[in-house]
Protein chains: 2
Amino acid sequence: MGISDRKEREKEELRDSILAAAKELFLEKGIDKTSIRNIADKIEYSPGIIYHHFRDKNEIFHALHQDGFMTLQNKMEVLNSVRNPLERLKAMGSIYIRFAMENPDMYDLMFIKEAPMDHLFDSEHDDWKEGGGSFNGLRMTIKECISQGYFEGHDSESLSYLVWSAVHGLVSLNIRKRCEVIELEKRNTIVQEGLEAFFKILDKL
Amino acid sequence: MGISDRKEREKEELRDSILAAAKELFLEKGIDKTSIRNIADKIEYSPGIIYHHFRDKNEIFHALHQDGFMTLQNKMEVLNSVRNPLERLKAMGSIYIRFAMENPDMYDLMFIKEAPMDHLFDSEHDDWKEGGGSFNGLRMTIKECISQGYFEGHDSESLSYLVWSAVHGLVSLNIRKRCEVIELEKRNTIVQEGLEAFFKILDKL
DNA sequence: AATATAAATGAACACTGTTCAATAAATCAA
DNA sequence: TTGATTTATTGAACAGTGTTCATTTATATT
């Protein structure tokens, strides 16, 4: 009947407004300083209501990290037009790094923070669908590279993980403030230069 | 005079005991669940005393992260006996990754957690000596590689950062539970296999 | 209008990091 | 040895945290 339809719609709207408030607070203050009470204040409800929509704080940030994967996947869609797999791999790296540098807090949540993974292991179905989907795009591209004669002698799974590790390393060391070690005049461009060095290496393989 | 000597010694002993207690708690419960009161309980002092030896919680964990760099630097000392710079670079990578996998919590504190860097930027002298020293070892080895004809066309700073990024990526994705995406039968060995793929690439350069 | 169901509340619990006036202990001077 | 001074240590207080759940309020059904 119509009433329970509306009720479910209203429930979902409230859930969405919790997430919207959480996202806003998260982006301006970080995960630790975003409290349940802050979120409740923002949507003008009492703190308790949040626990009728989410098991705990981690579940909220797991939901937000899903948001991040949606936008990342959208940005990856242009790759369909890149025929050559090596070129596609490089474009993938560029998009990945641009996403990370333009959305450092969201990247941090998706690939560094413990909260979304902690939620996964607390819940029953503990496979990381979001990351798995993204990684599969990389894996397929690498496999295509290998089948076209690139990267001879390499195993696709290990190489995919290494490629991911390289680009993740470039951005995550930057996001977590470990670029202090880089010469001052190069510090602002080191991620991009690291990526270019990586491309140079890919070309030689 | 002798009394103030003893006093200073006692003060340092108390500081050390705070750090020892913090380290123990940190290794078994993590940074968030290690509270000032827990540490105080462990050394049988009141919580307030900790703030006479450390500005805040971040300073304690900055001191612990220094500990970690000491042990890492010790492990790196065997590299002095490796003459060929490319071989030395590979050995460096192996030691780095072994350290990370054998001491994941300490590695996390040194290269992923925000606490030690936050302390740095709160204090006046904001250069990361510990990381800088370690990175310089890598930089020197890469420079030697280049001067011996390896890695032609590469800039030493960018390449050093890329190499660091690659090995950091390998271990940090694992430590922060992002290896879920790897095929189950390869999941336990993926870091090592990623490193071997990396070595294979270095050889082709 | 009375009853049953669902939604929302806010007080309570056991914590957290941090500060600081008050206390206790140790040292110095007479 | 006693009194004054300095140093070390305390623990209560503040303003917060995530989470739970009996109670209340609002909505829907009979």
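Because the structure is a prediction, the values reported are computed rather than measured. Below, read A as the first sequence line, B as the second, and so on, with proteins coming before strands; counting in each chain starts at 1. Heavy atoms only: backbone and side chains are in, while hydrogens, waters and symmetry mates are out.
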More than 12 heavy atoms of other groups within 6.0 Å of Glu28(B) CD:
yes
I'd like to know if Glu87(A) and Lys90(A) make a salt bridge, using a cut-off of under 4.0 Å between side-chain N and carboxylate O.
yes
Whole-Å gap separating P (dT19(D)) and CD (Glu59(A))
11 Å
When we call it a touch if two heavy atoms are under 4.0 Å apart, what does Asp56(B) touch: a base, just sugar-phosphate, or nothing?
sugar-phosphate
Scan Leu14(A) against the nucleic acid and name what it touches under 4.0 Å (heavy atoms): base, sugar-phosphate only, or nothing.
sugar-phosphate
Any side-chain donor-acceptor pair under 3.5 Å between Ser35(B) and Asn38(B)?
yes
Ring centre gap for Phe198(A) and Tyr161(B) strictly below 6.0 Å:
no
Ser35(A) or Arg55(A): which one's nearest nucleotide on DNA chain D is closer to the 5' end?
Ser35(A)
dA8(C) phosphate, OP1 or OP2, under 4.0 Å from Ser46(A) side-chain N/O
no
Could you tell me how far apart Glu8(B) (CD) and dT6(D) (P) are, to the nearest whole angstrom?
20 Å
Between Arg37(B) and Gly48(A), whichever has its closest DNA chain D nucleotide further toward 5' is Arg37(B)
Roughly how many Å is it from CD in Glu44(B) to P in dT9(D), rounded to a whole number?
14 Å
Check the distance between dA22(D)'s P and Ile49(A)'s CD1 and give it to me in whole angstrom.
17 Å
How long is the line joining NE2 of His52(B) and C1' of dT6(D), in whole Å?
14 Å
Separation of dT19(D) atom P from Lys57(A) atom NZ, nearest Å, is 8 Å
Rounded to whole angstrom units, what separation is found between the NZ atom of Lys33(B) and the C1' atom of dG17(C)?
17 Å
Would you mind reading off the distance between Tyr45(A) atom OH and dG10(C) atom P, rounded to a whole angstrom?
13 Å
